[in-house]
Every structure is written in structure tokens, then in C-alpha cells.
Amino acid sequence: MPDTLENINPIVIGPNNKNRPDKLSPIQEEIIALKKKRNAVILAHNYQVDSIQEIADYVGDSLGLSYKAAETEADVILFCGVHFMAETAKIVNPNKTVLLPDLNAGCSLSDSCPAEKLADYKEKNPDVYVVAYINCSAAVKALSDVICTSGNAIKIVEKIPEDREILFVPDQNLGQWVSKVTGRKMLLWPGSCYAHVLFTVRAIDRIKMDFPNAPIVAHPECIEAVRDIADEVCSTEKMISFAINHAANEIIVVTESGMLHRLRREVPDKTFIAGPTENCACNDCRFMKMNTIEKTRDALLHLEPKIELDENLRINAYTPIKKMLDWSRS
Ligand code: 13P
Ligand code: SF4
């Protein structure tokens with residue numbers, strides 16, 4: 001099935017939306033009023049705190065958020081996620097104001113592939129076809145042939161001509177998973193997500209003893225041993241349909257903790273157990289959690305901090321994103 005907006009199950013908040021609580025807090029009410037005044041849309045990633053998810057117009061994964069960013073008619077996009085996500089929204093919307101509540105909300109995976117290193121690699125290996133996971137900077141995107149997300153990576157890689165050698169950047173875990181599923185050999189950049197590699201088989205086995213019938217759903221950024229014991233490996237958005245369609249009432253969710261808010265709101269009759277890390281409950285992404293409800297309000301109030309991009313860089317980064325959006329639809 002194609003990864004189009006029709007099957008990525010977005011939460012679109014409308015006046016009667018069941019996902020918005022009946023009573024909002026004063027600061028949430030303030031944000032809704034500011035949103036109207038600014039003609040803004042609030043896009044939130046599944047890892048954001050509950051109070052932000054509750055007032056967003058759309059909550060989803062990187063793929064759904066990219067489509068929404070590309071399609072919005074609002075003047076202002078308030079992107080509650082991390083920097084590369086807001087930057088992607090700016091790349092596809094150069095004339096809109098794109099805000100990120102905290103400009104320091106980065107991503108360890110994105111940082112693991114500096115553009116200069118990739119440029120250097122390409123100079124020595126000019127024929128390589130670069131597939132970049134969307135968790136990378138605009139400068140890395142500009143050096144890439146096509147972008148992918150965890151929701152469409154398999155489909156994107158399957159479209160690349162057989163005779164091309166692929167370099168997959170920056171996530172070696174996602175790349176390894178895609179390679180295994182598609183049977184396509186790829187060179188893997190040695191990057192990883194600091195939060196997802198903390199999940200271990202030993203810690204998950206321990207929790208399995210308490211919930212022996214609970215299936216495990218894991219994000220592909222997890223290490224191979226964890227992916228191998230999972231019943232399903234998928235993007236955060238696909239975790240929603242997995243939870244809805246699986247017969248089990250209890251599900252172990254091996255990804256960042258914010259995902260549990262979305263699952264509990266959308267599938268309230270089931271129990272979701274946070275996938276455990278080894279010695280600590282450290283399944284929060286410290287970057288995602290830099291955005292708070294106060295910073296979200298302040299961003300709309302002051303129209304800051306804004307994402308700014310050099311126009312040449314933006315144009316070069318746009319081409320592989322556009323290719324992804326087109327390939328994903330077809
Ligand atoms: P998704 O696109 O699956 O939501 O993943 C984004 C991400 O950053 C996971 O760590
Ligand atoms: Fe980046 Fe990992 Fe945070 Fe996702 S969870 S934004 S990959 S650091």
C-alpha cells in the first residue's frame with residue numbers, strides 16, 4: 001500500500017475532535033487563540049509532550065509531517081519537533097514563517113553525519129547514490145539523491161536502479177533493517193540515535209516476563225538484536241495501526257516515550273507498556289523534550305525562533321525531498 005496521506009492515520013484536530021480533551025489548560029487556550037490570530041498551523045511529532053500533542057492541528061511521524069508541511073495554507077508553521085523537521089518544513093515552504101519552540105532541539109542522529117564528511121566521501125566516491133534518512137541537516141540533504149523516512153524507506157530503496165551502489169546515511173540501524181527487508185546491499189554511514197540504541201534485549205526480556213502475551217513493536221532505529229525479537233518494526237505512525245489491528249490488549253512499545261501519549265489517546269481501550277532501557281528509564285529523547293508548552297506559546301507570541309535558510313542550500317535540499325514525496329505517492 002502506498003505511503004500516502006490516506007493511510008498514515010493523522011490526528012487532525014477539528015472543533016469536535018475526540019482527541020482534544022474537553023477542558024484545556026489556560027496556556028493551551030492562549031495558544032489556540034494565538035494560532036488563530038497568526039493564521040498558524042501547529043504540527044507536532046509523536047514524541048512531543050502530551051500538552052503539545054493535545055493542541056496540535058496534526059500529530060504524526062516525519063513522513064506525515066512532511067506532507068502536511070508541504071500542503072498547508074497557513075502563513076505560519078509552528079513545528080513542535082526537532083530542528084531537522086522544522087528545517088524540512090522551511091525547505092518546502094520558503095515563503096512561510098517556520099517556528100521551532102527551542103532552536104537547540106537537535107538530533108544526535110543528524111549530528112552523526114556532518115555535511116563536510118559526506119562531501120569528502122562523495123568526492124572520493126562520485127558514483128555512489130546517496131539515500132538520506134530525513135534525520136539529517138539541510139546541507140546533507142543537499143548532497144543527497146533522495147530522502148526517506150522510516151515510514152517509506154523500504155519503498156524508496158526499492159525504486160533505486162539495481163546497478164547503482166547505495167550509500168545510506170546517517171542511521172546504520174535503519175539502513176541495516178531496510179537492507180535486510182529489501183535484500184539490497186548498501187553502504188551504511190556509522191550513525192545512530194543515542195536514545196534508540198539504549199533499548200536492550202535483556203531489558204525487554206525482563207518486561208516480557210510480566211506481560212508474556214504482549215507483542216513487541218519497535219522502531220527501526222533500534223539495534224538489530226532488538227528488532228529481531230520484535231513482532232513488528234515500523235515508523236511511529238504505523239505503530240498506531242499495529243495497535244488498532246493487533247488482537248492483543250497489551251503491547252510493548254520500543255521507542256521514545258512520547259509515542260505512548262498518542263497511542264493512549266487513539267487506542268484508549270488497550271494498555272501500552274514502555275519498552276525498557278537497561279538500567280534507567282531513559283527512553284525520552286532529550287532534544288524532543290526541549291520543547292515545552294510555555295516555549296510553544298512564546299513562539300507564537302513573538303514569532304520567534306524562526307528557521308532561516310540560505311536560498312541556494314534550500315533549493316539543493318528541496319530536490320531530493322520532492323523526489324521522496326513524489327516516489328512515496330506513486
Ligand atoms: P518517525 O518518522 O518514525 O516518527 O521517526 C522519527 C524519529 O526521529 C525517530 O527517532
Ligand atoms: Fe533524533 Fe533519536 Fe531524538 Fe529521533 S529520538 S529526534 S533520532 S535523537
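Remember, it's 1-based here, ligands and their atoms both numbered in the order they're listed.
- Within the 2.8 Å limit, C107 places no N, O or S atom next to atom 3 (Fe) of ligand 2.
- Taking each of G60, S150, C148 in turn, the one with a heavy atom nearest to atom 3 (O) of ligand 1 proves to be S150.
- Using a cut-off of 4.0 Å between Lys/Arg side-chain N and Asp/Glu carboxylate O, E311 and R314 are scored as salt-bridged.
- The single protein non-hydrogen atom nearest to atom 7 (C) of ligand 1 is E221 OE2, 3.6 Å, given as residue, atom name and distance.
- At a heavy-atom distance under 4.0 Å, no atom of F287 approaches ligand 1.
- Taking a cut-off of under 4.0 Å to the non-hydrogen atoms of Y47, the atoms of ligand 1 that pass are 7 (C), 9 (C), 10 (O).
- Nearest protein heavy-atom neighbour of atom 3 (Fe) of ligand 2: C285 SG, 2.4 Å.
- Counting the atoms of ligand 1 from 1 in the order shown, those under 4.0 Å from a heavy atom of S235 are 3 (O).
- The contact set between ligand 2 and S108, taken as ligand atoms under 4.0 Å from a residue heavy atom, comprises 8 (S).
- A salt bridge links K180 with E224: the closest approach of a Lys/Arg side-chain nitrogen to an acidic carboxylate oxygen falls below 4.0 angstrom.
- Within the 4.0 Å heavy-atom cutoff, N135 counts among the residues contacting ligand 1.
- Taking atom 5 (O) of ligand 1 as the reference point, the nearest protein heavy-atom neighbour is H219 NE2, 3.2 Å.
- Neither the backbone nor the side chain of D171 has any atom closer than 4.0 Å to an atom of ligand 2 (non-hydrogen atoms only).
- Under 4.0 Å from ligand 1, not a single heavy atom of T149 appears.
- For the pair R227 and F199, the cation-pi criterion (under 6.0 Å, within 45° of the ring axis) is not fulfilled.
- Looking from atom 2 (Fe) of ligand 2 to the surrounding protein, the closest heavy atom is C193 SG, 2.3 Å.
- Residue contacts with ligand 1 include H196, since one or more of its heavy atoms lies under 4.0 Å from the ligand.
- Looking at S62 against ligand 1, both its backbone and its side chain come within 4.0 Å, counting heavy atoms.
- The closest approach between a heavy atom of E256 and any atom of ligand 2 is not below 4.0 Å.
- Annotation: side chain of F79 is not in contact with side chain of L99 (no heavy-atom distance under 4.5 Å).
- Note on ligand 1: H45 sits in its first shell, one or more heavy atoms being nearer than 4.0 Å.
- In summary, K289 and E256 engage in a salt bridge, as defined by a charged side-chain N under 4.0 Å from a carboxylate O.
- The aromatic rings of H219 and H196 sit tilted relative to each other, their planes meeting at an angle between 30° and 60°.
- Between the side chains of S328 and N152, at least one donor N or O lies within less than 3.5 Å of an accepting N or O.
- In this structure, E237 pairs ionically with R262, as a charged nitrogen and a carboxylate oxygen lie closer than 4.0 Å.
- Salt-bridge formation is not detected for the pair K238/D61: no Lys NZ or Arg NE/NH1/NH2 atom is positioned less than 4.0 Å from an Asp or Glu carboxylate oxygen.
- Ion pairing of E304 with K306 is present here, as a side-chain N (NZ or NE/NH1/NH2) and a carboxylate O approach within less than 4.0 Å.
- Within a 6.0 Å sphere centred on NZ of K37, other residues, nucleotides and ligands contribute 12 heavy atoms or fewer.
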